[in-house]
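Written out below as structure tokens is the structure these notes cover.
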Amino acid sequence: MKLTQWALAALLTAGVVSPALADGDAARGQTLFSRCSACHAVTEQNKLGPHLSGVFGRAAGTVAGYTYSKAMAAYGKTWDEATLDTFLTAPNKAVPGTKMAAGAIANPQDRADIIAYLKTLGAS
């Protein structure tokens, strides 16, 4: 196989594999969410962290009745797939000073699955 054929095959394979990770499995995400449920509810109840009902499309740091860190209140982004993926990869790196001390999810497929589940909770 010539180098250009190999490169094309690699690109085509990457294109097939990447969307599978991005799609996520909401049912698996619901199960994985158990690691988040100690701090976050999926109903409109704030716990140690803000509730995540309707998180998609919501401006970060704006849930009524929850006291955010100054860093999160100033974050200024809207929660979508990309912002959630970045935040869940490394919360303290994405928003230095956030109250979310735990919660980094290193596995990209786990993040995609949890994000897919969060999408089922409605949008703001």
Side-chain angles (χ1 to χ4, degrees):
M1 183 182 281
K2 293 180 182 178
L3 181 59
T4 54
Q5 289 173 323
W6 180 86
L8 181 59
L11 288 173
L12 289 173
T13 302
V16 171
V17 174
S18 288
L21 286 177
D23 288 342
D25 177 344
R28 183 171 181 270
Q30 183 175 12
T31 300
L32 292 170
F33 186 80
S34 65
R35 62 175 92 162
C36 311
S37 64
C39 298
H40 296 282
V42 296
T43 61
E44 293 189 10
Q45 170 195 3
N46 294 321
K47 295 170 89 175
L48 184 59
H51 74 78
L52 299 178
S53 176
V55 68
F56 271 81
R58 184 169 66 212
T62 62
V63 168
Y66 185 78
T67 305
Y68 287 93
S69 65
K70 289 180 184 178
M72 185 58 76
Y75 185 47
K77 295 193 178 182
T78 298
W79 295 120
D80 61 16
E81 291 93 345
T83 54
L84 281 166
D85 186 62
T86 299
F87 185 72
L88 293 174
T89 299
N92 288 309
K93 197 176 211 178
V95 184
T98 183
K99 289 182 183 181
M100 191 160 144
I105 302 169
N107 183 300
Q109 187 62 60
D110 288 355
R111 283 194 312 275
D113 293 346
I114 290 170
I115 291 168
Y117 170 62
L118 293 175
K119 286 173 78 173
T120 70
L121 303 177
S124 291

Which atom pairs, donor and acceptor, lie under 3.5 Å between side-chain atoms of residues 58-65 and protein residues at least two apart or in another chain?
unit_1, atom_1, unit_2, atom_2, d
R58, NH1, S53, O, 2.9
R58, NH2, H51, O, 2.9
T62, OG1, A59, O, 2.6

message: If the condition is ring pair (Phe, Tyr, Trp, His ring centres under 6.0 Å), which residues does F56 pass it with, not counting sequence neighbours?
response: none
query: CD1/I114 to CD1/I105 distance, rounded to the nearest 0.5 angstrom?
result: 3.5 Å
Do [X] and [Y] have side-chain heavy atoms sitting under 4.5 Å apart?
X    : Y   : answer
L52  : F33 : yes
T120 : Q30 : no
K77  : T86 : no
Y117 : L32 : no

task: Return the orientation label for the Y68 and Y66 ring planes: parallel under 30°, perpendicular over 60°, tilted otherwise.
output: perpendicular
Distance-minimising heavy-atom pair for [X] and [Y]:
X    : Y    : result
V55  : W79  : O-CB, 3.3 Å
G24  : A116 : C-CB, 3.8 Å
L121 : V42  : CD1-CG1, 3.6 Å

message: Tell me every residue that passes salt bridge (charged side-chain N to carboxylate O under 4.0 Å, His left out) with D80, counting only those two or more places apart in sequence or in another chain.
response: none
field: Set of residues satisfying salt bridge (charged side-chain N to carboxylate O under 4.0 Å, His left out) with respect to K99, sequence neighbours excluded
entry: none
Identify each donor-acceptor pair in which a side-chain atom of residues 88-98 lies under 3.5 Å from a protein atom, sequence neighbours left out, and give them as a table.
unit_1, atom_1, unit_2, atom_2, d
T89, OG1, D85, O, 2.6
T89, OG1, R111, NE, 3.0
T98, OG1, M100, N, 3.3

query: Does the D25 side chain pair with the main chain of D113, one donor and one acceptor, at a distance under 3.5 Å?
result: no
- request: With sequence neighbours excluded, tell me which residues meet side-chain contact (heavy atoms from CB on, under 4.5 Å) with T43.
  value: A41, Q45
